[in-house]
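Take a look at the structure set out below.
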Amino acid sequence: MNGLLPGDIITRDVCIIGGGASGTYAAIRLHDLGKSIVVVEQNSVLGGQTSTYTDPASGKRTEMGVVAWYNNEIVNNFFARLNVPLKTTDIERAGFTALNSIPVDFRTGELVTDVYSGNVPEGLANYIEQLAKYPYLEDGFDVPYPVPSDLLLPFGEFVEKYNIGGAIRVLYIFGNGMGDFLKQPTLYVFKLVSMESMQAFKAGSFQSTLNHNNQEIYEKAQVELGTDVILNSKVLSADRSGEYAEVHVQTPLGLKCIKAKKLLLTIPPKLENLEGFDLDTNERSLFSQFNNTGYYTAILKNTGIADNTEVRNFGADSPYNVPVLPGPYFLQASGISGLLNVKYCSPHPVSDETAKANIITAVQKLNTAGTLNTTTPEFVAFGSHTPFEMTVSVDAVQSGFYKSLYGLQGLKKTYWTGAAFHAQDSGKLWAFTEKLIPGIIDGL
Ligand SMILES: Cc1cc2nc3c(=O)[nH]c(=O)nc-3n(C[C@H](O)[C@H](O)[C@H](O)COP(=O)(O)OP(=O)(O)OC[C@H]3O[C@@H](n4cnc5c(N)ncnc54)[C@H](O)[C@@H]3O)c2cc1C
């Protein structure tokens, strides 16, 4: 690129695009293996969907994104490596299983009476029995062909077929962010509401950070990686045709050219997010097939709702009373006086402004309907986790989409990880990314 000074050229073994869960994990592991790396991240911090809000007045914290991790080797090793202590978390408190709360249909603000209450243990046992038939889903999308037909059923039909209804309220909470839960192919529900998550739920073994700061692991990683992380930066173009992949990046310190022997892309592979990359016809064709939901989280003040109150969305007339989206999943105590946590989902992505306006309307409707004395809330913090839950059509799955997607690994010096390649689950993504490392470091 014309006009670049020698100091603007960064030469590394591996250039990692995206510094969320997968990118940060890869950066630390490759760094520890003695490889030179650089991470390009569009945000001002590492961490992606792990987002901890700190109240400036009290210093207290609440989680707007990731709330809990597994107690397994890969998670524990990563936290130990960064010297971040973990503790077993009260997942009721963390918002996973708040079964006792005010049930409201956020479309109307009205109380929902007679909420469906099936046999939870029986439903869960039936779910787990079915899930156990597909152990390969725990590690990725290596489905057999032809793809088992049950995996392609809309989850609502699968629930009926195998008498899982009693567990819907629990499964639904683990499946937050999936949009129209009962219409999603069962394959995707199994990926998000995985065997590992169900086992951790039953065992009560989920963990969060001892210091009530899930962001801490990413803060520590940032300190370790220092200037090898380029924040607030955007890839303008990438050319993978030569000996080195060349990535041109707009950074706060001007244009930089990264020359890397290997590339690791961890960002959501939507075409609009890969603008400037030299995608070939195959990559373009695969990535163009992804659909996604919109998932937004916020901290609200001045809601008029008491600190200890949780309001949860239930569809008054929907199967199993699952919430009808778009809408908030819940308004929930944040642990900080006067502030409520809200999670909002739309089956299709919407603008941040639309999500915010709809959250305010939903709170106001509680008042209009006479359910709660709410006032017009203000946003203290807002985060978009969109694109969330990236899926392709059942036809594409059957036609070998994931075989082709995984076939991209290593082509053109490029490796791929992140939720679209496995699951919206930090621990599982670390395991998936770990398996890519031998290929990435081969020949470096
Ligand atoms: C509300 C919520 C709660 C969750 N709770 C949990 C939980 O309790 N436990 C759990 O394990 N998982 C949880 N998850 C899921 C988990 O956060 C994700 O699975 C994980 O963060 C995905 O990792 P990733 O690396 O694919 O993407 P991300 O973590 O989203 O990282 C992608 C990174 O790439 C950056 N980026 C995107 N595009 C570009 C670009 N063009 N250029 C440069 N940078 C770019 C983003 O800013 C981001 O930092 C939760 C998610 C949400 C939204």
Side-chain angles (χ1 to χ4, degrees), residues 15-27 38-53 62-72 74-75 78 89 91 94-96 173-178 191-194 196-197 200-201 206-209 214-215 217-218 221-222 229-236 238 247 249-251 264-277 292-298 329-330 332 341-345 383-390 416-433:
C15 172
I16 300 166
I17 314 288
S22 313
T24 306
Y25 180 86
V38 62
V39 180
V40 179
E41 167 57 47
Q42 67 184 5
N43 285 344
S44 58
V45 290
L46 293 176
Q49 295 167 25
T50 305
S51 165
T52 308
Y53 173 76
T62 189
E63 300 301 338
M64 294 174 66
V66 172
V67 290
W69 288 281
Y70 301 125
N71 183 350
N72 69 19
I74 202 142
V75 169
F78 192 37
T89 192
I91 59 169
F96 269 86
I173 291 166
F174 280 90
N176 272 189
M178 289 197 74
K191 293 292 296 172
L192 189 53
V193 192
S194 64
E196 193 165 14
S197 65
F201 172 61
F206 277 108
Q207 308 186 94
S208 60
T209 51
N214 284 352
Q215 193 74 42
I217 191 166
Y218 296 103
Q222 171 67 75
V229 178
I230 310 181
L231 297 169
N232 299 306
S233 296
K234 189 176 163 30
V235 174
L236 298 179
V247 183
V249 183
Q250 181 70 58
T251 81
L264 177 63
L265 273 89
T266 76
I267 61 179
K270 295 280 288 187
L271 288 184
E272 59 269 28
N273 205 21
L274 290 164
E275 220 175 294
F277 279 84
N292 62 276
T293 61
Y295 196 13
Y296 312 84
T297 61
Y329 284 120
F330 55 72
Q332 188 182 54
N341 228 316
V342 55
K343 293 199 167 38
Y344 178 92
C345 185
S384 171
H385 302 278
T386 307
F388 199 79
E389 191 54 30
M390 292 183 47
W416 304 85
T417 181
F421 282 77
H422 187 9
Q424 286 287 358
D425 180 321
S426 314
K428 286 195 165 294
L429 285 173
W430 296 340
F432 184 87
T433 305

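Residue numbers start at 1 and run along the sequence shown. Counting starts at 1 for both ligands and their atoms, following the listed order. What you see is a predicted model; the values in this text were computed from it and never measured.
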Just so I know, are the side chains of Thr297 and Tyr344 near enough to count as touching, which here means a heavy-atom distance under 4.5 Å? no
Is it the case that ligand 1 has an N or O less than 3.5 angstrom from some N or O of Gln49? yes
Does ligand 1 come near enough to Ser22 that some N or O of the ligand is less than 3.5 Å from an N or O of the residue? yes
At a 4.0 Å threshold, what atoms of ligand 1 neighbour a non-hydrogen atom of Gly418? 26 (O)
Is the shortest N/O to N/O distance between Pro268 and ligand 1 below 3.5 Å? no
Suppose I only count heavy atoms of Val67 and a 4.0 Å limit; which atoms of ligand 1 are within that range? 5 (N), 7 (C), 8 (O)
Can you check which of Ala419, Ser208, Cys345, Ala423 brings a heavy atom nearest to atom 26 (O) of ligand 1? Ala419
Measuring from non-hydrogen atoms of Asn273 to any atom of ligand 1, is the shortest distance under 4.0 Å? yes
Classify the angle between the aromatic ring planes of His422 and Phe432 as parallel (below 30°), tilted (30 to 60°) or perpendicular (above 60°). tilted
Short list, please: which atoms of ligand 1 are under 4.0 Å from a heavy atom of Val40? 43 (C), 44 (N)
Judging by distance only, is a nitrogen or oxygen of Thr297 under 3.5 angstrom from one on ligand 1? no
Looking at non-hydrogen atoms alone, which of Lys234, Gln424, His385 comes nearest to atom 18 (C) of ligand 1? Gln424
Tell me the contacting part of Tyr70 for ligand 1: side chain, backbone, both, or neither, using a 4.0 Å heavy-atom threshold, strictly below. neither
Return the minimal non-hydrogen interatomic distance between Tyr218 and Gly20, and the atom names on each side. CE2-O, 3.8 Å
Heavy atoms, side chains only, cut-off 4.5 Å: are Val249 and Lys234 in contact? no
Would Asp425 and Ser197 count as a side chain to side chain donor-acceptor pair (under 3.5 Å) here? Give the steps. CA-CA 9 Å; Asp425 180 321; Ser197 65; 5.8 Å; no
Indicate yes or no: does an N/O atom of Trp69 lie under 3.5 Å from an N/O atom of ligand 1? no
Would Asn292 and Thr386 count as having a side-chain donor-acceptor pair, cut-off 3.5 Å? no
Ignoring angles and geometry beyond distance, decide whether Ala21 reaches within less than 3.5 Å of ligand 1 through its nitrogen or oxygen atoms. yes
Heavy-atom contacts with Ser426 under 4.0 Å: which atoms of ligand 1 show up? List them by number with element. 10 (C), 11 (O), 12 (N), 16 (C), 19 (O)
Measure Lys343 to ligand 1 on non-hydrogen atoms and call it side chain, backbone, both or neither using the 4.0 Å cut-off. side chain
Asn214 and side-chain hydrogen bond (donor to acceptor under 3.5 Å, both in side chains): which partner among Thr50, Thr209, Thr89, Thr52? Thr209
Taking N or O atoms only and a 3.5 Å limit, does Ala68 qualify as a polar contact for ligand 1? yes
Do Thr251 and Asn232 have side chains that approach each other closer than 4.5 Å (heavy atoms only, starting at C-beta)? no
For Gly383 and Met64 the tightest heavy-atom approach is N-CE, 3.9 Å
Measuring from the heavy atoms of Asn43, does anything fall under 4.0 Å of ligand 1? yes
Evaluate Glu41 for polar contact with ligand 1, using N/O atom pairs at a separation under 3.5 Å. yes
Those residues that, when tested against Lys191, pass salt bridge (Lys or Arg N to Asp or Glu O under 4.0 Å) (two or more places apart): none
When you look for heavy atoms under 4.0 Å from ligand 1, do you find them on the side chain of Leu429, its backbone, both, or neither? side chain
Steps toward side chain to side chain contact (heavy atoms under 4.5 Å, CB included) verdict (Tyr295, Asn176): CA-CA 9 Å; Tyr295 196 13; Asn176 272 189; 3.5 Å; yes
Name all residues meeting the salt bridge (Lys or Arg N to Asp or Glu O under 4.0 Å) criterion together with Glu196; count only those two or more places apart in sequence or in a different chain, and write none if there are none. Lys428
